[in-house]
> 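Pasting a structure below so you can have a look.
The model shown is predicted, which means the values in this text are computed figures rather than measured ones.
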Amino acid sequence: IASSQYESKHRGRLRAVLNVCKRMTSVGDVVSLLELITIETKELLNADRVSIFLLDREKCELWSMISQEKRIIRFDARLGIAGSVAMTGQTINVADAYEHPLFHKEVDLKTGYRTRTLLAVPLRNLQGNIIGVGEAINKAEGLFSDEDAEILQTLAAHVSDTIETTQLDQRLESRPRENERNFHED
């Protein structure tokens, strides 16, 4: 019976991931996409918070466009757990953030939030380059599991693809139209 309950729960979570991925493709801008993904992922992973940090390579910063505080958080991309994930591409799952040597307490101090458990995965573009980090924070019960990490990695891959596609669409829409010809002028 326990095995069939696990399989049923697993199938339900898989269905939920697929539904989120379908909905991502219908979002027209990056901000709305990130809002959708943080809300849906928070529910799916039973996490208190989810953040998507994008990597600004020129400034060597990670920054979050969307967080529950509705403000932008910026920090050196070489710092903390998110920074380590951005630099190495390795997933990090932490049972006690304040006991982890890489944990960057400054973000908690700035936001007034207390991080306990944390799961961080890299966001990679189609070429395999890291463009950011996805984080789930404070699992409601217990620790983040390997299955949680797999779900976050899957969603992160789709987020990365959708961000790149959305940015490409926006660049195409805003490009100068001087090279276009009106075929009705002849």
> Before you tell me yes or no, could you show the steps for Asp148 and Lys139 under side-chain contact (heavy atoms from CB on, under 4.5 Å), namely the whole-Å CA-CA distance, both residues' side-chain angles and the distance that decides it to 0.1 Å?
CA-CA 10 Å; Asp148 291 331; Lys139 179 102 171 155; 2.9 Å; yes
> Does some side-chain heavy atom of Val94 sit less than 4.5 Å from a side-chain heavy atom of Phe103?
no
> Indicate if Leu102 and Leu143 have the same hydrophobic cluster label, given that clusters are the connected sets of ILVMFWY residues with side-chain heavy-atom separations under 4.5 angstrom.
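In one cluster: no.
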> Return the CG to NZ distance between Asp48 and Lys42, rounded to the nearest 0.5 Å.
6.0 Å
> Output the distance between atom NE2 (His104) and atom OG1 (Thr115), rounded to the nearest 0.5 Å.
11.5 Å
> For a quick test of reading the model, state the closest non-hydrogen atom pair linking Ala120 to Val133 and the distance between them.
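That closest heavy-atom pairing would be CB-CG1, 4.1 Å.
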> Working note: Ile92 + His100, criterion side-chain contact (heavy atoms from CB on, under 4.5 Å); need CA distance, chi angles, decisive distance, verdict.
CA-CA 11 Å; Ile92 297 178; His100 197 283; 4.2 Å; yes
> Working to the nearest 0.5 Å, report the span between CZ of Arg57 and CG of Asn129.
6.0 Å
> Are any non-hydrogen side-chain atoms of Ile151 and Leu45 less than 4.5 angstrom apart?
yes
> Less than 4.5 Å apart, side chain to side chain, heavy atoms only: is that true for Ile81 and Ser84?
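Ile81 vs Ser84: side chains apart.
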> So do Cys60 and Asp76 actually touch side chain to side chain, heavy atoms under 4.5 Å?
yes
> Any side-chain heavy atom of Phe53 sitting closer than 4.5 Å to one from Val85?
no
> Any idea which heavy atoms bring Pro122 and Gly89 closest together, and the distance?
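Scanning both residues, the minimum pair turns out to be CG-O, 3.3 Å.
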> Grab the two heavy atoms, one from Val121 and one from Ala156, that are nearest each other, plus how far apart they are.
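It is CG2-CB, 3.9 Å.
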> What I want to check is whether the side chains of Gln127 and Asn125 have a donor and an acceptor closer together than 3.5 Å.
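There is such a pair between these side chains.
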> Would you say the side chain of Leu55 lies within less than 4.5 Å of the side chain of Leu62, judging by non-hydrogen atoms?
yes
> Flag the pair Tyr113 / Asn138 as yes when at least one side-chain heavy-atom distance between them is below 4.5 Å, and no otherwise.
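Result yes, sub-4.5 Å side-chain heavy-atom pair found.
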> Rounded to the nearest 0.5 Å, what separation is found between the CG atom of Asn93 and the CG atom of Asp146?
7.5 Å
> Do Thr91 and Leu119 have side chains that approach each other closer than 4.5 Å (heavy atoms only, starting at C-beta)?
yes
> Working note: Val107 + Lys110, criterion side-chain contact (heavy atoms from CB on, under 4.5 Å); need CA distance, chi angles, decisive distance, verdict.
CA-CA 5 Å; Val107 175; Lys110 285 181 182 177; 5.8 Å; no
